[in-house]
There are 2 protein chains.
Amino acid sequence: MATLKEIARRAEVSASAVSAVVNGTTHTRMSAQTRARIEAVIAEVGYVPNDAARALRRQQAGTIAVVVEGLENPVYKELLLGIYEAAEARGWAVVLGDTAWMRSGSPFLARLLGQGSIDAILLRHEGLIDGDVLAHLRARPTPVVLLEQQSDPHSHWVAVDDLMAGRMATEFLLQAGHTDVRFVGGLDESRTSAARYDGYVTAMKQARRRPRAGSFTGFGVEAGSLGFAAIRSSGTFPTGVVVNNVMSAAGLLAAAADHGVEVPGQLSVVGIHDAEIADIVRPRLTTVRLPMRALGVRAVDQVAALLEGTPTTLGVIESRPQIIVRASTAPPSR
Amino acid sequence: MATLKEIARRAEVSASAVSAVVNGTTHTRMSAQTRARIEAVIAEVGYVPNDAARALRRQQAGTIAVVVEGLENPVYKELLLGIYEAAEARGWAVVLGDTAWMRSGSPFLARLLGQGSIDAILLRHEGLIDGDVLAHLRARPTPVVLLEQQSDPHSHWVAVDDLMAGRMATEFLLQAGHTDVRFVGGLDESRTSAARYDGYVTAMKQARRRPRAGSFTGFGVEAGSLGFAAIRSSGTFPTGVVVNNVMSAAGLLAAAADHGVEVPGQLSVVGIHDAEIADIVRPRLTTVRLPMRALGVRAVDQVAALLEGTPTTLGVIESRPQIIVRASTAPPSR
DNA sequence: CTGAAAGCGCTTACAG
DNA sequence: CTGAAAGCGCTTACAG
């Protein structure tokens, strides 16, 4: 591999001059001739700076890591887009990983913990990461911004308005005339899920309906079938259900079809989060669209603030969730 | 941040000794006491080696990058699992990205091109990456292993048996009694798609049926609706269709439902690739399952061979595709 | 067996 | 305006 030194030798200039050309910095005012010669050599040799050396010298890598729980979940598509765009605008590369890779002792975790290759971490773990691992992460100087609500006052986080999402989904069903509405999906350990469930409870109480215990069955498709099983075995069958996550909602839809329960005839379903899948299943899913892209942008802003040492305000992003009415909801039949 | 030097000072030993403890190398035979003291200081301070310095010194980062076209496509789930496991077994971290990020001049691309932070690249681009960018990538010393078939004899690649996949899907329909079978989805630029289409053609010819021109409408959900539109406007309506990609097959299913075409009553659908979505849609999708996990493992083996300079054989992995019969296929009605 | 020194490839304050 | 030198934090051949 050609090094800076080699380019300098070939162009018969100093390393500093080459560095200046590569980075467009101070030395900028060198003779046009010199500059041209250096550029020619760089192009000829195909020189590219060594990132490790740069990172070591500059004390920053120019790369941020995004780690999410269940990378395959389509709800992250928009989030990643927002993160990517905001990061690129700042000149940062982003690399992705799944929280499942953050096992204690894994090389991936080592890269997150060790300085030098990753400047900051954006993390959404839904309460699933080992406490030890999390403590290690916090003990490091690398800034971590959580992409979900936190109760811990010391951590940095940004989140969409999950409470409002749960509330809007529930209110939508209540306003359509449903009285027995349930909440299904998500994880007990997740504050995100807790917030959405709180939203459900708030809406129910406000409508003077009795909120039921949530069935926190997870985030994937199977969480939907499990959720369906839960409401079936609950004694009375509801006419409406709010499902945490679109994938789970799709799973619930499938389970309902398999058990001969008609949607929306016998059961109205609202999914939280919007994704392509909502338009693929039949009936199409009514969903609550969350501003995930904006979340991504805000998360990157947070990182920048942290890296610059600017005091920052944390919290929920202002943009409201939005209900997307499709075909999985209707007034209750009697 | 604590450095190695600082640990050495605190433990009153040389830097080499600390390095030996951290890495478990040569100096290993130091007195148990010394070792214990060093370990104590490391734990106390929470020392973690700087990855940039290590990468620079060792001339390898211990990280490989995986970049795929359309990261949100669920067909990659298994592939990534295979890659992750094989990489971890070798002590490598893996980081992910989307080909959309490989735009000329992007920081992400810079990280892939520049030595030092990424040791090797696993890439699946479906023919979509800019030729210039690809040329740049190839010009670099960083090994690139393509996760798809290549015609270029100089590139390194591993692939599943796409031709066989297209052939099996088609033969399955032919054997069920279909005579007019179409091929839909995928990309013109993609050798993967070409191979699957070739498989379709082979099967059709062998059954003495006339193969039709493929409709290369893409990989996403919309590719399915576009594909459906294509076969509808083709004059005669077929009784069977092979769809490149499960997501597209799901999209086609939805389009068929919207147009009142019954599946499998009027149209049998086979998707190439298996994913959770196949079990969510109704009717459930018959698919051809490809050994994506094995592909991931093989790709990492390739990388290892390349990094070690071992001569390697390239090509299609031996494990056969497998047809998963669900509910979207039936004999043609008359 | 252990420590001092060189050097990985850069960037940048500093001297000329 | 330009170059020589120091140093980022490690690892490893080498001298003691």
Side-chain angles (χ1 to χ4, degrees), chain A residues 1-38 42 45-63 110-111 113-119 140-142, chain B residues 1-38 42 45-63 110-111 113-119 140-142:
Chain A
M1 241 355 261
T3 65
L4 207 172
K5 207 196 269 184
E6 199 173 321
I7 305 299
R9 190 175 49 70
R10 290 210 196 201
E12 298 175 307
V13 294
S14 71
S16 340
V18 179
S19 177
V21 170
V22 170
N23 297 297
T25 40
T26 49
H27 268 216
T28 273
R29 307 185 116 283
M30 71 186 71
S31 80
Q33 242 185 62
T34 308
R35 172 179 300 277
R37 196 168 66 243
I38 296 174
I42 287 176
V45 178
Y47 169 73
V48 174
N50 181 301
D51 282 326
R54 275 191 157 171
L56 177 59
R57 179 59 231 238
R58 293 178 170 169
Q59 296 286 79
Q60 53 165 303
T63 301
R111 220 81 335 136
L113 293 175
Q115 298 267 93
S117 60
I118 302 290
D119 294 333
R140 313 263 59 232
T142 306
Chain B
M1 238 359 259
T3 67
L4 208 171
K5 208 196 267 185
E6 199 173 321
I7 304 299
R9 192 175 48 70
R10 289 212 197 200
E12 298 177 304
V13 294
S14 70
S16 339
V18 179
S19 177
V21 170
V22 170
N23 297 297
T25 40
T26 49
H27 269 216
T28 270
R29 305 185 118 285
M30 71 186 69
S31 80
Q33 246 186 56
T34 308
R35 170 178 302 277
R37 195 168 67 243
I38 295 174
I42 288 175
V45 178
Y47 169 73
V48 175
N50 180 301
D51 282 326
R54 272 190 160 173
L56 177 58
R57 179 58 230 237
R58 291 178 171 169
Q59 296 285 80
Q60 52 166 304
T63 301
R111 221 76 339 132
L113 293 175
Q115 296 270 92
S117 61
I118 301 289
D119 294 333
R140 314 262 59 231
T142 306

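The chains referred to below are lettered A, B, ... by the order of the sequence lines, with proteins before strands, and numbering in each begins at 1. Keep in mind that the numbers below use all heavy atoms, side chains included, and drop hydrogens, waters and symmetry copies.
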Side chain of [X]: nearest nucleotide among [options]?
| X | options | result |
| --- | --- | --- |
| Leu56(B) | dT11(C), dG9(C), dT11(D) | dG9(C) |
| Arg57(A) | dG9(C), dG7(C), dT11(C) | dT11(C) |
| Ser14(A) | dG3(D), dC8(D), dC10(D) | dG3(D) |

Pairs under 3.5 Å (Watson-Crick or G-U), crossing ones as [ ], inter-strand ones as |: DNA chain C comes out as |||.||||||||.|||
For Ala15(A) and Thr34(A), find the nucleotide of DNA chain D closest to each by heavy atoms; which residue's nucleotide sits nearer the 5' end?
Thr34(A)
Does Arg54(B) reach the main-chain N or O of Gly116(A) with its side chain, forming a donor-acceptor pair under 3.5 Å?
no
Sub-3.5 Å donor-acceptor pair from the side chain of Arg111(B) to the main-chain atoms of Asp51(A), do we have one?
no
Value in whole Å for how far the [atom2] atom of [N] lies from [atom1] of [X]:
| X | N | atom1 | atom2 | value |
| --- | --- | --- | --- | --- |
| Asn50(A) | dC8(D) | CG | P | 18 Å |
| Arg9(B) | dG3(C) | CZ | P | 16 Å |
| Asp51(A) | dC10(C) | CG | C1' | 11 Å |
| Gln59(B) | dA13(D) | CD | P | 14 Å |
| Glu6(A) | dC10(C) | CD | P | 10 Å |
| Lys5(B) | dT11(D) | NZ | C1' | 14 Å |
| Gln115(B) | dC10(C) | CD | P | 10 Å |
| Leu4(A) | dA5(D) | CG | C1' | 15 Å |

Contact summary for [X] and [Y], nearest pair of heavy atoms:
| X | Y | value |
| --- | --- | --- |
| Ala55(A) | Ala61(A) | CB-CA, 3.9 Å |
| Arg37(B) | Ala11(B) | NE-O, 2.8 Å |
| Ile7(A) | Tyr47(A) | CD1-CB, 3.6 Å |
| Ala52(A) | Asn50(A) | N-OD1, 2.8 Å |
| Thr142(A) | Asp119(A) | CG2-O, 3.5 Å |

Between Ala53(B) and Val13(B), the residue closer to the 5' end of DNA chain C by nearest nucleotide is Val13(B)
Kindly say if Ser16(B) contacts the phosphate of dG3(C), meaning a side-chain N or O under 4.0 Å from OP1 or OP2.
no
Taking only side-chain nitrogens and oxygens of Arg54(A), does any of them come within less than 4.0 Å of OP1 or OP2 of dT11(C)?
yes
